[in-house]
*Asks:* 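Dumping the structure here so I can ask a few things about it.
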Amino acid sequence: GKKIPNHDEL
Amino acid sequence: NIFRAAGDLSHLISILILLNTIQKSRSIAGISLKTQILYVLVFLTRYLDLTYRYVSIYNTLMKLFFISSSIYIVYLMIYKFKNTETEQIDTFPIEYLIGGSFILSLIFNYKFQFGEILWSFSLWLESVAILPQLFMLQRTGEARTLTTHYIFALGAYRTLYIPNWIFRWISEGRVDYLAIFTGIVQTIIYSDFFYIYYHRVLKGFKFELP
């Protein structure tokens with residue numbers, strides 16, 4: 001599946 | 001990295017300028033309530049992930065700050081310094097922005113999952129959230145300098161994130177297509193404003209639209 005980028009930004 | 005740090009700093013400064021402007025002048029003249037309400041929505045839908053996702057203490061504190069300050073600003077605008085004159089020119093139909101962002105978030109997301117859809121919705125909505133404010137500027141034709149500094153700092157935040165994403169792509173191989181695309185859309189929406197800001201405000205003229 002698609003890779004989810006880590007949501008570590010604001 | 002430096003771009004991300006500068007972007008976050010500029011985001012922080014924009015809120016402080018806005019709060020300071022309202023508190024000092026005891027007025028919200030020229031500030032779009034609709035844009036501020038959209039930011040509350042943006043911050044709530046994106047940052048409530050702090051309840052289940054831990055990144056860092058810095059990240060958590062910033063999220064708490066943006067959620068609480070945006071709600072506080074809306075509170076000030078509605079209850080404390082209500083301005084019917086400004087409200088009358090704040091007529092941008094935001095339901096289309098909210099509806100459009102919602103539809104886009106259903107189509108474009110990393111996973112069809114509640115949290116991911118909310119994240120995508122917040123990105124789309126943020127990219128257009130300034131429109132009611134810019135629309136108001138256009139209608140009045142001029143703005144207080146502090147208001148323009150606020151809009152500039154807010155626009156600079158996402159614009160500075162663009163080199164940050166390029167930097168992270170090169171150094172970490174990390175790519176967030178959604179954030180990058182919506183960030184570019186947002187920067188394009190600001191570009192006209194940036195141009196006028198540069199030519200008028202920085203050269204000491206009053207902010208007036210040509």
Side-chain angles (χ1 to χ4, degrees), chain A, chain B residues 1 3-5 7-12 15 42-43 45-50 52-56 58-67 108-113 115-120 122-123 126 157-158 160-162 164-165 167-169 172-180 182-183:
Chain A
K2 271 182 293 180
K3 196 171 166 267
I4 304 175
N6 54 340
H7 300 312
D8 61 355
E9 291 177 337
L10 289 164
Chain B
N1 68 64
F3 303 111
R4 191 170 162 193
D8 287 351
L9 189 67
S10 131
H11 196 185
L12 198 67
I15 310 275
V42 167
F43 294 149
T45 50
R46 191 180 311 162
Y47 297 158
L48 276 183
D49 72 345
L50 65 82
Y52 59 88
R53 181 189 289 124
Y54 179 77
V55 178
S56 65
Y58 164 80
N59 189 276
T60 301
L61 288 177
M62 290 290 262
K63 284 174 175 172
L64 286 173
F65 172 78
F66 288 124
I67 292 175
F108 303 100
N109 52 64
Y110 290 110
K111 207 173 181 187
F112 205 80
Q113 222 173 43
E116 288 300 317
I117 291 169
L118 278 189
W119 180 270
S120 172
S122 78
L123 290 175
E126 186 193 347
Y157 143 66
R158 220 55 182 170
L160 283 162
Y161 260 47
I162 295 175
N164 154 59
W165 291 320
F167 183 87
R168 294 192 74 181
W169 172 55
E172 303 167 33
R174 178 192 186 276
V175 186
D176 186 334
Y177 296 103
L178 265 175
I180 293 171
T182 55

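As the structure is a computational prediction, the values presented were derived from the model and not from experiment. Proteins come first, then strands; the chains are lettered A, B, ... in the order of their sequence lines, and each starts at number 1.
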*Asks:* Is B:D176 salt-bridged to A:K3, going by a charged N under 4.0 Å from an acidic O?
*Replies:* no
*Asks:* How far apart are the closest heavy atoms of B:G115 and B:Y52, and which atoms are they?
*Replies:*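 Nearest pair, atom of B:G115 first, then B:Y52: CA-OH, 3.8 Å.
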*Asks:* Answer with side chain, backbone, both or neither: which region of B:Y157 has an atom nearer than 4.5 Å to a non-hydrogen atom of chain A?
*Replies:*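 When you check distances to chain A, only side chain atoms of B:Y157 fall under 4.5 Å.
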*Asks:* Report the option among B:F66, B:W165, B:F43 that has the most heavy-atom pairs separated by less than 4.5 Å from atoms of chain A.
*Replies:* B:W165
*Asks:* Please look at B:Y58 and chain A and tell me whether the side chain, the backbone, both or neither of the residue comes under 4.5 angstrom of a heavy atom of that chain.
*Replies:*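 Side chain only.
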*Asks:* Compute whether any side-chain donor of one residue and acceptor of the other, for B:N164 and A:E9, lie under 3.5 angstrom apart.
*Replies:* yes
*Asks:* Looking at B:D49 and B:K63, is any side-chain nitrogen of the basic one under 4.0 Å from a carboxylate oxygen of the acidic one?
*Replies:* yes
*Asks:* Given heavy-atom pairs under 4.5 angstrom as the criterion, report whether the side chain, backbone, both or neither of B:Y47 touches chain A.
*Replies:* side chain
